[in-house]
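Here is the structure we will look at, set down as structure tokens.
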Protein chains: 2
Amino acid sequence: MELLSVSLAAYYGDFTVAAASEHLTASQGKTLSVLRRGPASMSVLATTLTCDASNMTGIVDRLEKRGLVRREPSPSDRRVKNVVLTAEGERAIDVIRGRMHHTLDGLSRLDERERDTFYALLERVFTSRPAPDGA
Amino acid sequence: MELLSVSLAAYYGDFTVAAASEHLTASQGKTLSVLRRGPASMSVLATTLTCDASNMTGIVDRLEKRGLVRREPSPSDRRVKNVVLTAEGERAIDVIRGRMHHTLDGLSRLDERERDTFYALLERVFTSRPAPDGA
DNA sequence: TATTGTTATACTCTATAACTATA
DNA sequence: TATAGTTATAGAGTATAACAATA
């Protein structure tokens, strides 16, 4: 648990610094990261980021003001707004991931077989949470 | 990188919820987590948490006000203050770690050999950052 | 009635800049 | 001169409670 704590602090610090290089906060970067997989409603975003729905309003407001995301009305439920990554937003998160030097260097220390093992273990340990697949 | 992002978000969410159950913010919890390894100066804490030194003042202020940490003058350098975990603080971080149910459940899915492999890989990937060992 | 998203509020986190004390 | 820590400030993140629109 101690080792996990240290490892994740290293990853999180790396991500925070990389996001700052694009003038984004960690929360804004995490939001783009989630949306990289596809559009998500405000409530799904809040659940995934483990924060209250009311926070997402402000975070998405700032991202939208900078043209990195776009709110779209859901066709199936008029209460819902789906948040979509713009081309600019996609570029931003890709740049951030490419600048996570400590993490990328760390991964490059593993050969292909080790990397596969690592990913498989990560998946088994962390991929049992209720994955929100919201409309 | 996508998988890392998802995995670490899961861990971070788990930690945040567990810390909240002790009425602590994520930053306060991370600070206790660092101090669990031993005392650290304000500047070492800031470096480890990847934040500005001025932030640590407020975070440690609040933790100290609740009796979870203690500031002690360094014997070797009168500018330095070492932050020490109190017995209460130690209890708090141990409780938090014991409440990280998603992560603990995830780890319990691995047998002993797999767990060793996982830890070894984590160490190789993430343990090359300049580890601050400050006085 | 319940849910989605927003607003208002209060507190915490965060970086920058300026400061004091010490090295 | 440089470094450790604090203070002041402004912007961002955070949860709670109350609200409008929709289901």
Side-chain angles (χ1 to χ4, degrees), chain A residues 9 12-13 15-32 34 39-66 68-84 132 134-135, chain B residues 9 12-13 15-32 34 39-66 68-84 132 134-135:
Chain A
Y12 191 75
F15 182 76
T16 301
V17 169
S21 78
E22 285 288 297
H23 305 289
L24 291 167
T25 66
S27 292
Q28 289 169 350
K30 277 191 280 188
T31 302
L32 297 185
V34 172
S41 69
M42 297 295 289
S43 65
V44 166
L45 279 178
T47 302
T48 308
L49 297 190
T50 325
C51 73
D52 193 83
S54 62
N55 301 333
M56 291 313 308
T57 299
I59 295 173
V60 170
D61 279 352
R62 290 172 205 108
L63 290 173
E64 194 168 33
K65 200 176 300 182
R66 290 178 50 179
L68 303 177
V69 305
R70 198 173 56 241
R71 280 179 170 96
E72 289 184 353
S74 164
S76 52
D77 186 335
R78 288 197 296 172
R79 293 173 303 181
V80 173
K81 292 175 187 172
N82 286 317
V83 185
V84 185
Chain B
Y12 191 74
F15 182 76
T16 301
V17 168
S21 78
E22 285 289 296
H23 306 289
L24 291 168
T25 66
S27 292
Q28 289 167 348
K30 278 191 279 187
T31 302
L32 297 185
V34 171
S41 69
M42 297 295 289
S43 64
V44 166
L45 280 177
T47 301
T48 308
L49 297 189
T50 325
C51 73
D52 192 83
S54 63
N55 300 334
M56 290 314 308
T57 299
I59 295 173
V60 170
D61 279 352
R62 290 171 204 110
L63 290 173
E64 193 168 32
K65 198 175 301 180
R66 290 177 51 179
L68 302 177
V69 304
R70 198 171 58 242
R71 279 178 171 98
E72 289 185 351
S74 164
S76 53
D77 186 333
R78 289 197 295 172
R79 293 173 303 178
V80 173
K81 292 175 187 173
N82 286 317
V83 185
V84 184

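So that the names make sense, note that chain A is the first sequence line, chain B the second, and so on, each numbered from 1. Scope of the values below: all heavy atoms of this structure, side chains included, with no hydrogens, waters or symmetry mates.
Once rounded to the nearest 0.5 Å, the distance linking SG of Cys51(B) with CD1 of Ile59(B) reads 5.0 Å. Rounded to the nearest 0.5 Å, atoms OG1 (Thr31(A)) and CG (Leu45(A)) are 6.0 Å apart.
Atom P of nucleotide dA21(C) and atom NZ of Lys81(B) are separated by 12 Å, given to the nearest angstrom. In this entry the distance linking CG of Asp77(A) with P of dG5(C) reads 8 Å, nearest Å. Per the geometry, CE belonging to Met42(A) stands 13 Å off P belonging to dT14(D), to the nearest Å. Atom CG of Leu24(B) and atom C1' of dT14(D) are 15 Å apart (whole Å). Residue His23(B) contributes atom NE2, which lies 13 Å from atom C1' of dA15(D) at whole-angstrom precision. Look at CE on Met56(A): it is 16 Å from C1' on dT7(C), rounded to the nearest Å. Rounded to an integer number of Å, the gap from Gln28(B) CD to dA15(D) P is 13 Å. Arg79(B) has its CZ atom 17 Å from the P atom of dT20(C), to the nearest Å.
Side-chain proximity of Thr57(A) to dT7(C), dT6(D), dA2(D): nearest is dT7(C). The side chain of Asp61(B) sits closest to dT7(D) out of dA12(D), dT7(D), dG5(D). When the nucleotides dA4(D), dG5(C), dT22(D) are ranked by their closest atom to the side chain of Ser41(A), dG5(C) comes out on top. Comparing dA23(C), dT6(C), dT6(D) by their nearest atom to the side chain of Arg78(B) picks out dA23(C).
Side-chain atoms of Asn82(A) and Arg71(A), non-hydrogen and from C-beta on, never get closer than 4.5 Å to each other.
For Arg71(B), a side-chain nitrogen or oxygen approaches OP1 or OP2 of dT6(D) to under 4.0 Å. The side chain of Thr25(B) places no N or O atom within less than 4.0 Å of a non-bridging phosphate oxygen (OP1 or OP2) of dT12(C).
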When you look at Ser74(A) and Ser76(A), which way does the side-chain hydrogen bond (donor to acceptor under 3.5 Å, both in side chains) test go after all the steps? CA-CA 5 Å; Ser74(A) 164; Ser76(A) 52; 3.2 Å; yes
Atom pairs under 3.5 Å, N or O on each side, protein against nucleotides 14-17 of chain C: can you list them with distances?
{"unit_1": "dT14(C)", "atom_1": "OP2", "unit_2": "Ser27(B)", "atom_2": "OG", "d": "3.2"}
{"unit_1": "dA15(C)", "atom_1": "OP2", "unit_2": "Asp52(B)", "atom_2": "N", "d": "2.5"}
{"unit_1": "dA15(C)", "atom_1": "OP2", "unit_2": "Asn55(B)", "atom_2": "ND2", "d": "2.4"}
{"unit_1": "dA15(C)", "atom_1": "N7", "unit_2": "Asn55(B)", "atom_2": "OD1", "d": "2.9"}
{"unit_1": "dT16(C)", "atom_1": "O4", "unit_2": "Ser54(B)", "atom_2": "OG", "d": "2.8"}

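Remark: the backbone N or O of Ala19(A) is not paired with any side-chain donor or acceptor of Glu22(A) at under 3.5 angstrom.
Checked against Val83(A) for a side-chain contact (heavy atoms from CB on, under 4.5 Å), the options Glu72(A), Met56(A), Met42(A) give a single hit: Met42(A). With Leu68(B) as the partner, the side-chain contact (heavy atoms from CB on, under 4.5 Å) test is satisfied by one option alone out of Glu64(B), Arg66(B), Arg70(B): Arg66(B).
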